[in-house]
Chemist: 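Structure in structure tokens, see below.
Residue numbers begin at 1 in each chain, while the letters A, B, ... track the order of the sequences.
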Amino acid sequence: MRVSAPAPQSRPDLGPADYPLSVNRQDLLRTPTGKPLSALTMNAVVAGEIVADDLRIAPETLQLQAILAESVQRPQLAANFRRAAELTAVPDAEVLAMYNALRPRASSRDELLTIAENLESKYHAPVCGALVREAAEVYQRRDLLAREED
Amino acid sequence: MSAPAAVRTLTLKEIGPAQRASRPDEVVIAVSPAFAETFTRTIVDVPHAEVIRQVLAGIEEQGVTARMVKVWDTADLAAIAHTGARLSGSGISIGLLSRGTTMIHQRDLPRLSNLELFPQSPLLDAEVFRRIGSNAAQYAKGESPAPVPTRNDQMARPRWQAKAALLHLKEFECIVAGRRPVEVEPVISRA
Amino acid sequence: MTTTQPRHSRRTEILEDRPVNLDGFVEEWPEKGLVAMESDFDPAPSVRVEDGRIVELDGRARADFDFMDTFIADHAIDVETTEASMAVPSDEIARMLINPTVSRQDVLAVTRGLTPAKILDVVKLMNVVEIMQGMQKMRARRTPANQGHSTSARDNPLQVAVDAAEGALRGFAELETTLGVLRYAPLVAIALQVGAQVGRGGVLTQCALEEATELELGMRGITAYAETISIYGTESVFVDGDDTPWSKSFLASAYASRGIKMRFTSGTGSEVQMGNAEGKSMLYLEIRCVLMAKGAGVQGLQNGSISCIGVPGAMPGGIRAVAAENLVASMVDLECASGNDQSFSHSAMRRTARMMPQLLPGTDFVCSGYSGVPNADNMFAGSNFDTDDYDDWNTIQRDLQVDGGLRHIREDEILQVRNKAARALQALFAELDLPRITDEEVEAATYANGSEDYPERDVLEDLKGAQSVMDRGITGLDLVTALERTGFHDVAENLLTVLRQRVSGDLLQTSAILTHDFVPLSAINDANDYAGPGTGYRLQGERWEQLKKLRHVTSAENPETEVS
Amino acid sequence: MNRLVVGVDIGNSTTEACVASVSGGSVEYLGTALTHTTGVKGTPENTEGAVDAVRRALVGARRSPADLDVVLLNEATPVISGLAMETISETIITESTMIGHNPETPGGVGLGVGTTVSLDGLAGASPDEPVVVVVPGGWDFDDVAAELNAAAERGVPVVAAVLAHDDAVLVVNRLRTPIPVVDEVAAVAKVPLGMHAAVEVAPPGRTIRTLSDSYGLASVFGLDPEQTRQVSPVARALTGNRSAVVVRTPTGDVTDRRIPVGTLTLTGAGKTLQVDVDAGADEIMDTLDRVQPLDDATGEPGTHVGGMLAQVRDTMTDVTGQPAAEIRIRDVLAVDTFVPNEVRGGLAGEVALENAVALAAMVRTSRSRMQVVADEVAEALGCRAEIGGIEGEMAVRGALTTPGTDVPIAVLDLGGGSTDAALLDRDGVCTAVHVAGAGELVTKLIGSELALEDREVAESVKRHPLAKVESFFHIRHEDGTVQFFTEPLPPHVFARVVAMTPEGPAPIPTRASVDHVRRIRREAKRRVFVVNALRALRQVAPRGSLRMLDFVVLLGGSALDFEIPDLIADALAGHGVVCGTGNVHGNEGPRNAVAAGLVDAHADAVSG
């Protein structure tokens, strides 16, 4: 099994007792804009201090949830959270475009490898990049790359 | 007072490889591999002879001509109907699966699209097949018929879903890979 | 054609007219995969590991792997333990599943290393009662729950909102909607969210659509989770569905990256229905789906044949196979939303029997869509249960002392919550300059049963409104602000609390729901700890008192009155 | 000193606000906003919409409500319009006389005259007498053809047939000797047997000649002059058909009946005149002209028109609290139209477009409750609120900010329920008038004349140009131009007449051609807006003469329509009037004239 990427360094040692983080470990949680969870109050909303970005998940939080998932022996779920942490940086439209490119016979091998490179270099998303590279390899073997127009 | 019900049989006489025609007043009826051969009736026992007779009548009533082709290398309705549409002089075709599922297609549409689709084979009877023929002919004339009303029945699933799957598998068995579409002449005779 | 019919007995005639005989039944054809779970054409279990890599899976060498084999071998199966796990005899694993002294964790330690054929080999040994015993222990979350549908044949947002509110009050932990006219989606998704938060703060909502719009509504915070991400058990059908395990895995990460809960959907019968079962039994192919989902790292799966239920339902042992597929999802540690969500039978008896293997042991969501509207309004093409069945469901819970996630609510409370949901949506639409909801509509919604009880809406205006929701980029936050401004402070607060959850990501963990106190309850802090009689989830205390209530119960104190 | 002022125009359907900074006599416009009007115009329910519009406008202008000095409201009197459409004629055919329906595909060509015989009884028919065969439902076309051929072989002169199903072409194609056949006669069982009958089918693209002609009928059935006069309605009803059946029965009776829809009583100019609604629109409007200015209109209780006018009155009572007896109907617009009706006595579900009159009526009340609105707005916003002027005057003021205009100026506000005109002369005197009928009536006429069941579709036809989808890759617009597409159009619009909405082509469920739909659309707009424009302008024009007007500015939602302004301009051109769409402040288009007018008037008052 090759599902678990090494956990990034200097992460808190979380276990099942820390869950839910929103109750037990609010100290570790920040919005992508750097606000603590306690700042997301109705008063703040009414005062216009909260924007949509404040209600997104931060990559650091996904890494925390990955650690939690690993602590209860769910390595695949953890791996998904780590890929997700990487994808937080990718804009919505581009995420959808990448997904569409991964559909069967939608992309050539080169196109897939370009996406992988883009993920790795532009978005610092090596785990996602690896998933796309793996797809390119399997698609080639199973004849699922884009065909020449017939 | 009612009309005498006649039992009819359908045989498809092979004419030769299906060709693209140029007359603009024709509709092509494209049928699946098992149609009128392995199977003789739809999922709800409408005889294929009656299906074709009604579709042809619907086309004829509109003053349009019909040509029939048998598609051998696929049992996919969209592919069958689109094959028919590309052979049709008007660009309009009717695709038919053995179990009755029907589609009206047009040449310029993407394969997976359609003009009208009748996916619920258990709800298609002789009258609906007549109207499908009539609508296809009207499309061929460049008219805009009101779509044939489609019926829906939530309880079709428990009654027919498995039989439909079975018939689909049987249809698949009849595929002759690589065989080109064949033009056929429908011969309907009274038993 | 006027041949004389053979004479039938009166009894035959009566039986012939029973609803069950409107259902369809079909003989098995194992060579083509038209068989529930017992087929000579399924592969024999095997695994071989070389250099930390699985090189043989269920009798197939790596060079011959299709993409399902590849994905499962590389992502789902624990390479470290697989050879040891596969060496455990199937009957022993089956016994571990039902033996209360073997803990859930101990079972998972073994199942992590099993191949699809081995898992099939195990569950084939189990009868329905044993499958239920296994489910009782292996279900991920300790507390069972239920999911509801709220849709409208006219896509009337008001109906979706008030039925969501009633459903939430009755107990659904998740609510799902979909559309007849897809362009209505933004308005209906908003209505579902608002209605749900009026009914009971913390209910999670979703809108089933094509991927891009579904994801967008989720990203905007108008919906809270996603479910209709279909996967299939053969490579050819997967490709026909225009996806691969890799594209779906990527999509799973995309949802998580936006803090949105998500599960996949699969079910027995889909491959044979689409004509490409590759000669394998329905359950074997479904087990491949379950392991694919596991490998993708999604937290859960909706299975139990779902929209193909007519196929296993027509086969011998088909409903046993459906029960088994739910168990398989649970025994590989996934959240299981266990079907019972599509019209299944003309027979009320068969409908009830079909749900017993999920209701009795309890699953994460007993129905992955109990219709919270009359089936005529159900845009998922009808569910196994609908609003007409509410009282029957509540009575069965009380008879058997099992928790199916719902409860009886007095009419006055229902009217109150429906009226409030209608008014909240009316105020919200007005505040956001969306098509007006009249007082007459609010009144109708309060007392309505189905869509025909509502005044007709101006569809064109509604569709324009729906488009403007997308064009103006309205988000969940805008809904909060608007509700607060219009005086629906508690509803605004509920919605804000739900939205805040995505910042913490707690709902991404396996089998998470929100309690009425907005505490995330998942298979971490509410892990199933069943260990035999007297342990695990028990229907008792305050919850049992709730479930004792029905519409008509004669008072013991004063038998001339009823309590409710 | 700069003061922040908001003008608010409460209209029938929309409320508009306009924020400005006023310093001395100079005005700087900061922003505008538009919301739905809450409640009926001129009632306290308007407060909510007004406050909302003000808030939105302030947000748009980035100003705080705290800085607001005064809100100016228009003096808006409630205007309620009612619409009714009543059939005034009806073709009734006693059930044994005529089948006038027009199946898509009759069979054969020519005229066949004989005695009606059921197909079931054809075996007993004698060879002496020509027969028209009547085929009940349930017969298959193959069997019908076989039976007819067999009868002909026996020497029975089969000259025509009438079928229940859509089988005519099929049957004729299978006959050895073709005969005219009419099909899709749903109530074929009601065709009397043993009677003299004629069946006529014209070639494709032609219409019948004999049965649609009174003397033709007389020749076929050997009628005397009195009988000919009696059946002339039959001939008239069959005109334009491709096929028809006429059965002559001893008791046959056809009437072209007028339905009394009631009498309209119009009071004004010291006169009280009555007109029958079934006399038609021209008659009604002529009568109306003779009593201008109208004081009130009533209808007899128990008639259609009485009911409609009572309903309008009741609505106004509900809104204003004014007793129904005090409410006056101040204008009526009648328009001739058609409504599709099933022919009574027809045998095939025949639908005929029957003559009808559409009526729009309008009430005003003197009892405006704007002061209540002003008080409530003031309280909600924490600032002063006052009634800044009369709607019509303010509209003129706003319209005057359109570049290129000058006094004397007339405005036409083309709304949903009413069409309003106002005139400002060189002396600064303003006259205003409201007349009944506007956009909603147009939608109703289009819907009815095209037999569209869905009001939204009719609305779409009204608002957007038409086109015909000729292939998946091209459409032909109503002006004849062709547009090509690279992506195929969606299948549901294939071969259809469509409205070109901003969301793309939307199919119109009709068999009518683009030209026909277009004609109906333009005619509906002409009969409402052009008629009303002339009517309203005449009422404000000096000495009632349009020639005395120089500038006419069109305002309101329908001034944004793609053809209404042109239709009106064309009609006015002959009178030497410059007519165009308003452009308030040179950039607001035809919107916001009243709100802007309020601000301007306020600024003038302050500085003056």
Chemist: With a 4.5 angstrom heavy-atom cut-off, could you sort out which part of C:Ala109 is near chain A: side chain, backbone, both or neither?
Modeler: neither
Chemist: Between A:Arg56 (side chain) and C:Ser257 (backbone), is there a donor-acceptor pair under 3.5 Å?
Modeler: no
Chemist: From A:Arg25 CZ over to C:Ser504 OG, what is the distance, rounded to the nearest 0.5 angstrom?
Modeler: 13.5 Å
Chemist: What part of A:Leu37 gets within 4.5 angstrom of chain C, counting heavy atoms only: side chain, backbone, both, or neither?
Modeler: both
Chemist: Counting only heavy atoms closer than 4.5 Å, note whether C:Ala482 contacts chain A via side chain, backbone, both or neither.
Modeler: neither
Chemist: Side chains of A:Leu77 and C:Gln509: closer than 4.5 Å at any heavy-atom pair?
Modeler: yes
Chemist: Among A:Leu40, A:Leu29, A:Thr61, single out the residue with the greatest number of heavy-atom pairs under 4.5 Å to chain C.
Modeler: A:Leu40
Chemist: Pick one of side chain, backbone, both or neither for A:Val95, based on which atoms fall under 4.5 Å of a heavy atom in chain C.
Modeler: both
Chemist: Using modelled atom types only, decide if a donor and an acceptor are shared between the side chain of C:Glu484 and the backbone of A:Val46 within a distance under 3.5 Å.
Modeler: no
Chemist: A side-chain contact here means heavy atoms from C-beta on lying under 4.5 Å apart; do C:Thr70 and A:Glu137 qualify?
Modeler: no
Chemist: Tell me, side chain or backbone of C:Leu215 under 4.5 Å from chain A's heavy atoms, or both, or neither?
Modeler: side chain
Chemist: Should the pair A:Arg142-C:Asp66 be classified as a salt bridge under the 4.0 Å nitrogen-to-oxygen rule?
Modeler: no
Chemist: Tell me, side chain or backbone of A:Tyr19 under 4.5 Å from chain C's heavy atoms, or both, or neither?
Modeler: both
Chemist: Check each atom of A:Thr88 against the heavy atoms of chain C and say whether the ones under 4.5 Å are side chain, backbone, both or neither.
Modeler: both
Chemist: Counting only heavy atoms closer than 4.5 Å, note whether A:Asn100 contacts chain C via side chain, backbone, both or neither.
Modeler: neither
Chemist: Contact part of A:Ile50 toward chain C, heavy-atom cut-off under 4.5 Å: side chain, backbone, both or neither?
Modeler: both
Chemist: Under 4.0 Å between a Lys/Arg side-chain N and an Asp/Glu carboxylate O for A:Arg105 and C:Asp242?
Modeler: no
Chemist: Hey, are the side chains of A:Asn24 and C:Asn525 touching, using non-hydrogen atoms and a 4.5 Å cut-off?
Modeler: no
Chemist: Considering only heavy atoms, which portion of A:Leu21 lies under 4.5 Å from any heavy atom of chain C: side chain, backbone, both, or neither?
Modeler: both
Chemist: Quick check on C:Ser522 against chain A: is it the side chain, the backbone, both or neither that has a heavy atom closer than 4.5 Å?
Modeler: both
Chemist: Less than 4.5 Å to any heavy atom of chain C: does that hold for the side chain of A:Leu131, its backbone, both, or neither?
Modeler: both
Chemist: Under 4.5 Å heavy-atom distance to chain A, tell me which part of C:Leu499 shows up: side chain, backbone, both or neither.
Modeler: both
Chemist: Is it the backbone or the side chain of A:Glu86 that comes under 4.5 Å from a heavy atom of chain C, or both, or neither?
Modeler: neither
Chemist: For A:Thr41, which atoms come within 4.5 Å of any heavy atom of chain C: side chain, backbone, both, or neither?
Modeler: backbone
